[in-house]
Amino acid sequence: MRIRRIRAAQGAPKSSASGSGTATLLTAASYTRVRFRFIVVAVSIKRLGRLYMDRPVPIAEIIEGRHSGRTVTVRGWVHRKRIVGGKAFILVRQEGEVLQCVYDKAEVGQRVWEEAEKVTLESSVVVRGTVREDPRAPGGYELRGEDLEIVGLSADFPIKGGESIEYLLDHRHLWLRSRRLTWVMKVKHSVMQAARRYFIDNGWWEVTPPILTGSAVEGGATLFELKYFGSKAYLSQSAQLYLEVLIYPLEKVWAVTPSFRAEKSRTRRHLAEYWHLEAEAAWMDMWDMMRIVEELVKHVLERVLEERRRELENLGRSLEPLKRAVEERFPAIRYDEAIEILQKKGVEIEWGDDMGADEERELTKEFETPFFVTHFPKQIKAFYMKLDPEDSRLALGFDLLAPEGYGEIVGGSQREDDYDTLLSRILEEGLDPEDYDWYLDLRKYGTVPHSGFGLGLERLVMWIAGLDHIRDATPMPRYRGRIKP
RNA sequence: GCCGGGGUAGCUCAGCGGGUAGAGCGCCGGGCUGUUAACCCGGUGGUCGGGGGUUCAAAUCCCCUCCCCGGCGCCA
């Protein structure tokens with residue numbers, strides 16, 4: 001009985017273009033859906049009318065023209081509303097897409113018209129009507145509204161347009177409903193899925209290193225300290241050392257984990273909490289690992305260009321730099337050459353200086369694809385990097401910088417695999433070897449040449465989506481004391 | 001930590017050679033037969049971040065303090 005009604009309400013052929021369950025009730029998934037609907041109905045049939053029971057159609061499909069002429073039900077939130085004369089224009093938003101629903105006072109019943117008058121911005125609604133192609137509608141398609149049901153009437157919504165960034169960040173839990181942030185989250189989703197796909201397809205093992213750690217990975221970065229059963233512990237700033245442990249059983253490993261940095265950074269490229277994609281592999285030298293990074297980034301770009309083209313275009317992102325990055329080899333220059341280029345451009349920098357944000361930005365202007373910088377002076381790099389056998393002043397480290405001023409998105413290196421050299425590097429940096437006893441052990445029991453890298457997911461998303469601030473690459477950004485919501 | 005900027009209506013801001021506050025948006029009411037951040041008319045709205053001082057009088061001048069923002073360093 002109910003099932004019949006669901007189908008009838010759909011008003012579409014059973015082989016609906018959505019393909020999501022209406023056609024067959026035989027699969028486990030659709031069986032569950034129907035059962036679930038019974039439960040919902042049982043609990044809320046008094047409060048909610050019959051529309052709630054209909055199978056909803058995604059707005060994206062309507063905008064693509066896949067339901068023209070059909071009577072459909074759509075669920076979502078009121079994005080915008082205007083009443084002009086005898087018509088109510090209600091824009092419903094769902095997963096970042098909007099659909100205009102037009103209610104004509106002369107055509108709909110009194111109950112529906114009153115609901116249309118009453119409904120407020122951001123109310124959750126279920127609407128039903130016939131899909132029509134209409135050039136006057138945003139998106140080219142609209143719904144000639146026949147029914148409207150308010151599920152959750154919204155109080156006056158605090159975001160109306162024109163607010164400052166700080167105000168919006170204070171209301172991030174509501175701001176995230178914006179179409180722009182929704183598109184960015186979708187891009188990030190595809191980036192993560194594509195990266196996972198790359199590793200799976202190429203024989204890498206996904207592992208789960210700890211987030212609570214007993215000591216710093218590197219000396220410099222500030223760590224978040226916390227109490228741990230009466231002693232001190234820290235939130236991880238990198239899984240690298242643990243990944244190095246795991247290459248002995250698994251050879252090629254990778255992980256995505258949160259990383260934490262307690263620096264009081266106030267730049268558009270830093271977060272206190274970010275998602276870190278790290279990989280580590282035995283038997284690979286620096287050049288092998290750079291090839292992996294290039295393949296990975298290209299694979300991610302290809303997938304995102306395929307799956308998220310619409311969102312990128314909506315975001316106003318120029319696709320050309322992304323396409324170029326897929327097609328062209330990433331150049332690699334040595335630190336020496338980078339310094340020369342900068343000096344020729346009139347930047348005051350000398351061999352041995354670390355590149356600051358300004359220098360990095362200048363350098364990215366010289367390239368149109370991501371590019372590597374390699375062979376840095378050892379004093380500006382971490383203790384665990386292997387020294388260049390041909391010049392012991394240099395470390396076998398590499399950075400991948402994104403073009404268009406975005407800068408570093410990956411940092412990697414070949415790791416020091418010799419026990420004595422690693423120990424002396426730890427002492428040189430003023431670190432306590434006792435903190436690294438287990439790490440040193442790895443060089444004692446069957447040491448192996450190996451390399452790895454860390455990629456800042458939000459940095460990558462920032463570049464791909466063309467964001468001007470990294471905070472929009474993550475739903476609830478944490479930085480410089482911002483912890484709410 | 002350093003350099004720079006700022007806290008005035010629900011929001012965005014103006015007012016700062018001292019005379020106890022304004023605009024736009026929002027919100028509320030009304031109008032409008034297709035709106036696109038609609039538009040038009042009317043209404044609503046503030047212990048001017050906190051404390052102290054100078055003065056007949058302080059949003060405005062002085063001192064202290066709190067908070068926030070942009071950038072740098074650090075890095076992914």
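Hydrogens, waters and symmetry mates play no part in the numbers below; they use all other heavy atoms, side chains included. Just so it is clear: chains get the letters A, B, ... in the order the sequence lines come, proteins before strands, and each one is counted from 1.
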Contact class for [X] (heavy atom, under 4.0 Å): base, sugar-phosphate, or nothing?
{"X": "A/K160", "value": "sugar-phosphate"}
{"X": "A/R471", "value": "sugar-phosphate"}
{"X": "A/G454", "value": "sugar-phosphate"}
{"X": "A/A357", "value": "sugar-phosphate"}
{"X": "A/E458", "value": "nothing"}
{"X": "A/E107", "value": "nothing"}
{"X": "A/D399", "value": "nothing"}
{"X": "A/T267", "value": "base"}
{"X": "A/I83", "value": "base"}

Does a salt bridge link A/R172 with A/D472, judged by any charged N lying under 4.0 Å from a carboxylate O?
-> yes

Is any NZ, NE, NH1 or NH2 atom of the basic residue among A/D134 and A/R136 found under 4.0 Å from an Asp or Glu carboxylate oxygen of the other?
-> yes

Re B/A9: Watson-Crick or G-U wobble partner, both distances kept under 3.5 Å, found to be none

Hunt down the Watson-Crick or G-U wobble partner of B/C2, both distances under 3.5 Å, from any strand shown, or write none.
-> B/G71

For A/W175 and A/L169, work out which heavy atoms get closest and say how close.
-> CZ3-CD2, 3.9 Å

From the options [options], select the nucleotide whose nearest atom is closest to the side chain of [X].
{"X": "A/D156", "options": "B/U35, B/C27, B/C74", "value": "B/C27"}
{"X": "A/R82", "options": "B/G71, B/A37, B/C75", "value": "B/A37"}
{"X": "A/L271", "options": "B/A76, B/G26, B/U35", "value": "B/A76"}
{"X": "A/Y167", "options": "B/G34, B/U12, B/C74", "value": "B/U12"}
{"X": "A/V84", "options": "B/G34, B/U12, B/C27", "value": "B/G34"}
{"X": "A/H276", "options": "B/A76, B/C74, B/U35", "value": "B/A76"}
{"X": "A/R268", "options": "B/A76, B/G71, B/G34", "value": "B/G71"}
{"X": "A/R261", "options": "B/C74, B/A76, B/U12", "value": "B/A76"}

If you compare every side-chain N and O of [X] against the phosphate oxygens of [N] (OP1, OP2), does one of them come in below 4.0 Å?
{"X": "A/S259", "N": "B/A76", "value": "no"}
{"X": "A/R361", "N": "B/C72", "value": "yes"}
{"X": "A/R266", "N": "B/G4", "value": "no"}

On a whole-Å scale, what distance lies between the [atom1] atoms belonging to [N] and [M]?
{"N": "B/G70", "M": "B/U54", "atom1": "P", "result": "39 Å"}
{"N": "B/U55", "M": "B/G18", "atom1": "C1'", "result": "9 Å"}
{"N": "B/C27", "M": "B/G6", "atom1": "C1'", "result": "27 Å"}
{"N": "B/U20", "M": "B/U60", "atom1": "P", "result": "14 Å"}
{"N": "B/A14", "M": "B/A57", "atom1": "P", "result": "29 Å"}
{"N": "B/G22", "M": "B/A9", "atom1": "C1'", "result": "10 Å"}
{"N": "B/G49", "M": "B/C69", "atom1": "C1'", "result": "15 Å"}
{"N": "B/U47", "M": "B/G51", "atom1": "P", "result": "13 Å"}

Students often mix this up, so state it plainly: with edges at 30° and 60°, are the rings of [X] and [Y] parallel, tilted or perpendicular?
{"X": "A/H469", "Y": "A/Y479", "answer": "tilted"}
{"X": "A/F199", "Y": "A/W204", "answer": "perpendicular"}
{"X": "A/F371", "Y": "A/F367", "answer": "parallel"}

Is the aromatic ring of A/F89 within stacking range of B/G34, meaning centres under 5.5 angstrom and planes under 30 degrees?
-> no

May I ask you to check whether A/Y242 and A/W438 place their ring centers less than 6.0 Å from one another?
-> yes

So, A/Y436 versus A/F383, ring centres under 6.0 angstrom or not?
-> yes

Ignoring hydrogens and angles, does a donor from either the side chain of A/E263 or the base of B/G1 sit under 3.5 Å from an acceptor on the other?
-> no

For the side chain of A/R269 and the base of B/C74, is some donor closer than 3.5 Å to an acceptor across the two?
-> no

Residue mapping more 5' on RNA chain B - nearest nucleotide basis, A/V102 or A/F157 = A/F157

